[in-house]
2 protein chains.
Amino acid sequence: MTLSRVILGFLAVHPMTGYDLMRAFATSAAYFWHADKAQIYRTLAKLVAEGLAEIEIVPGTDAPDRVVHHITTHGRTALRTWLLAPPERPAPRDPFIARVFFAGELEDDEIIAMIDARTADAEAARDALSAVRAVTAHPDAGADRSSWLRSMTLDQGLREHEEHLRWLGALRSGIREGASA
Amino acid sequence: MTLSRVILGFLAVHPMTGYDLMRAFATSAAYFWHADKAQIYRTLAKLVAEGLAEIEIVPGTDAPDRVVHHITTHGRTALRTWLLAPPERPAPRDPFIARVFFAGELEDDEIIAMIDARTADAEAARDALSAVRAVTAHPDAGADRSSWLRSMTLDQGLREHEEHLRWLGALRSGIREGASA
DNA sequence: ATCCGCATGTAAGTGGTTACATGATTCG
DNA sequence: CGAATCATGTAACCACTTACATGCGGAT
């Protein structure tokens with residue numbers, strides 16, 4: 001459901017091919033939604049079948065044909081309905097936290113290694129977001145609301161990573177102190 | 001994969017029935033992993049088929065029979081292997097953030113309503129965790145590491161909710177200020 | 001009597017991942 | 001000449017959700 005609406009959201013801005021959407025998910029949407037290309041093509045076909053999008057074949061002169069998808073009026077209505085629907089929080093599912101929960105039997109250095117790997121991971125993710133943040137404009141809510149909202153979603157990802165890193169730090173010191181005590 | 005290992009983690013502490021696991025997921029595991037009962041029964045059957053768990057039928061005297069699952073030696077090895085495996089971060093998928101990303105066309109009060117609903121949701125989740133935190137002991141890392149680790153995972157959930165609420169506050173004021181400007 | 005908790009599962013459907021498959025163009 | 005990018009998709013599989021199905025015992 002959400003995937004189809006996110007795709008409609010992108011199509012509402014620009015008509016796009018499956019490939020264009022792949023790039024959109026790999027860049028602008030990467031920090032709040034992930035989608036595989038098999039899923040994207042499957043979902044585009046479904047949107048067309050439901051009348052929420054229409055295709056236009058743009059013949060490639062010296063490249064393969066592009067199947068450009070346009071949002072329909074029905075599609076815009078469906079998008080708005082989804083935006084106003086009651087929010088659902090996704091069920092938490094984080095394998096790392098699950099590991100920590102059951103890590104009691106591991107040696108200290110095994111747990112530390114686990115924490116360090118996760119820390120490197122979270123730092124990389126945070127740095128990737130910071131880099132995007134650095135190159136994009138930082139508008140205020142009054143001027144261009146759409147881009148302000150998009151920049152706020154980026155902020156959310158950054159804050160989440162920073163908080164997670166702080167927690168990982170506390171976890172690591174706890175193990176170190178427990179070991180020395 | 002993770003679900004089967006989390007189940008093994010629980011079975012490593014106590015032998016359990018599918019129903020016991022349902023309750024474990026609804027309480028102690030609720031803030032880091034969600035599992036439906038259909039999934040639990042299916043996964044238990046798979047663990048038995050793989051030789052990682054064994055069943056013992058405890059006839060119910062005045063209640064239905066209990067199918068108690070015990071972890072095997074193989075099961076303990078598999079659990080340890082999973083604990084030491086390289087961590088994978090779950091792909092981000094949060095419908096609410098996706099909605100904010102595309103919310104530019106909504107009216108101010110529609111966005112505010114959306115934020116307020118999410119805030120109520122996050123506050124409820126935070127309060128539920130605080131309540132658990134209040135009743136459980138708060139051991140230090142040196143004394144009982146297993147329970148300290150479990151309390152740290154709870155902390156992580158709490159911190160995440162608090163940070164999210166701070167961000168929702170910033171988002172709300174941004175909209176309000178933009179509207180008045 | 002009816003609902004809640006205990007206790008077990010199956011069936012059908014949706015959403016997501018991985019691997020397979022093809023072919024042109026552009027850059028080093 | 002080989003690798004990367006553009007561009008399209010299919011097939012099979014795994015994970016998760018929702019609805020269906022049954023039956024006992026205790027409380028209101």
Side-chain angles (χ1 to χ4, degrees), chain A residues 1-8 10 14-27 29-30 32-50 53 55-69 82 88-95 98, chain B residues 1-8 10 14-27 29-30 32-50 53 55-69 82 88-95 98:
Chain A
M1 186 62 203
T2 304
L3 175 61
S4 65
R5 303 304 119 142
V6 172
I7 289 177
L8 282 181
F10 280 119
H14 293 297
M16 285 186 180
T17 66
Y19 198 81
D20 294 335
L21 282 163
M22 272 174 57
R23 275 178 307 183
F25 277 99
T27 56
F32 65 87
W33 203 269
H34 171 80
D36 185 85
K37 82 182 163 72
Q39 254 180 301
I40 291 170
Y41 284 111
R42 201 209 289 147
T43 306
L44 278 173
K46 201 189 75 183
L47 288 173
V48 171
E50 292 168 345
I55 59 168
E56 171 205 5
I57 312 279
V58 179
T61 46
D62 51 326
D65 290 359
R66 290 166 50 82
V67 183
V68 179
H69 293 72
W82 171 70
E88 278 181 282
R89 204 145 29 86
R93 277 200 186 95
D94 190 331
Chain B
M1 186 62 205
T2 303
L3 176 62
S4 65
R5 303 303 118 144
V6 172
I7 289 177
L8 282 180
F10 280 121
H14 294 297
M16 283 186 180
T17 65
Y19 197 81
D20 293 335
L21 282 162
M22 272 175 56
R23 275 177 307 181
F25 277 99
T27 56
F32 66 87
W33 202 270
H34 172 80
D36 185 85
K37 84 182 161 73
Q39 253 180 302
I40 291 170
Y41 284 111
R42 200 208 299 139
T43 306
L44 278 173
K46 203 190 73 184
L47 288 174
V48 172
E50 292 169 342
I55 58 167
E56 172 205 3
I57 312 279
V58 179
T61 46
D62 53 325
D65 291 359
R66 289 164 51 82
V67 183
V68 180
H69 293 73
W82 171 71
E88 280 181 281
R89 205 145 27 85
R93 278 200 186 93
D94 190 332

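Every heavy atom of this structure was used, including side-chain atoms; hydrogens, water molecules and symmetry mates were not. Order of the sequence lines sets the chain letters (A, B, ...), proteins ahead of strands, with each chain counted from 1.
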Please round to the nearest 0.5 Å and tell me the distance separating atom CD1 of A/I57 and atom CG of A/D65. 6.5 Å

Starting from C1' on C/dG9, measure out to CD1 on B/I57 and report it in whole angstrom. 13 Å

Could you check A/H34 against A/F25 for side chain to side chain contact (heavy atoms under 4.5 Å, CB included), going step by step and ending with a plain yes or no? CA-CA 6 Å; A/H34 171 80; A/F25 277 99; over 6 Å; no

Output the rounded distance in Å from CD1 (A/I7) to P (C/dG16). 10 Å

Shortest side-chain distance from B/Y19, nucleotide among D/dT8, C/dC6, D/dC16: C/dC6

Between atom CD in A/E88 and atom C1' in C/dT14, what is the gap in whole Å? 14 Å

Which angle, rounded to 10°, do you find between the first-five-pair axis and the last-five-pair axis of the helix from C/dA1-D/dT28 to C/dG28-D/dC1? 30°

Using only side-chain N and O atoms of B/T17, determine if any of them is under 4.0 Å from OP1 or OP2 of C/dT8. yes

Within a 6.0 Å radius of atom CD on B/E88, are there more than 12 heavy atoms belonging to other residues, nucleotides or ligands? no

Just to confirm, is there a sub-4.0 Å distance from OP1 or OP2 of C/dG9 to any side-chain nitrogen or oxygen of B/Y41? no

Once salt bridge (Lys or Arg N to Asp or Glu O under 4.0 Å) is applied, do any residues pair with A/R89, and if so which ones, sequence neighbours excluded? B/D121

So, under a plain 3.5 Å distance rule, would you say the side chain of A/R42 forms a donor-acceptor pair with the base of C/dG16? yes

Residues touching DNA chain D, which here means a heavy atom under 4.0 Å, drawn from residues 32-40 of chain A: A/K37, A/A38

Whole angstroms only, please: what is the CD1-P distance between B/I55 and C/dA7? 16 Å

List for me each residue that meets side chain to side chain donor-acceptor pair (under 3.5 Å) alongside A/D94, sequence neighbours excluded, and say none if there are none. A/R118

Applying ring pair (Phe, Tyr, Trp, His ring centres under 6.0 Å), name anything that partners B/Y19, two or more places apart in sequence or on another chain. none

Closer than 4.0 Å, any side-chain N/O of B/R23 to the OP1 or OP2 of C/dC6? yes

Residue pair B/H69 / B/T17, side-chain heavy-atom distance below 4.5 Å: no

When rounded to the nearest 0.5 Å, the distance separating CG of B/L47 from CZ of B/R42 is 12.0 Å

Taking A/Q39 for its side chain and A/D36 for its backbone only, find out whether a donor-acceptor pair lies under 3.5 Å. yes

From CZ of A/R66 across to P of D/dA7 the rounded distance in Å is 5 Å

Rounded to the nearest angstrom, tell me the gap between atom CZ in B/F25 and atom P in D/dT17. 11 Å

By nearest atom, which of the nucleotides C/dA7, C/dG9, C/dG15 is closest to the B/D20 side chain? C/dA7

Whole angstroms only, please: what is the CE-P distance between A/M16 and D/dA7? 13 Å

Once you round it to whole Å, what is the distance between P of D/dT8 and CD of A/E56? 12 Å

Side-chain N or O of A/R93 versus OP1/OP2 of C/dG15: is the shortest distance under 4.0 Å? no

Output every pair passing salt bridge (charged side-chain N to carboxylate O under 4.0 Å, His left out) with a member in residues 14-25 of chain B, not counting sequence neighbours, ordered by first then second residue. B/D20-B/R23, B/D20-B/R66

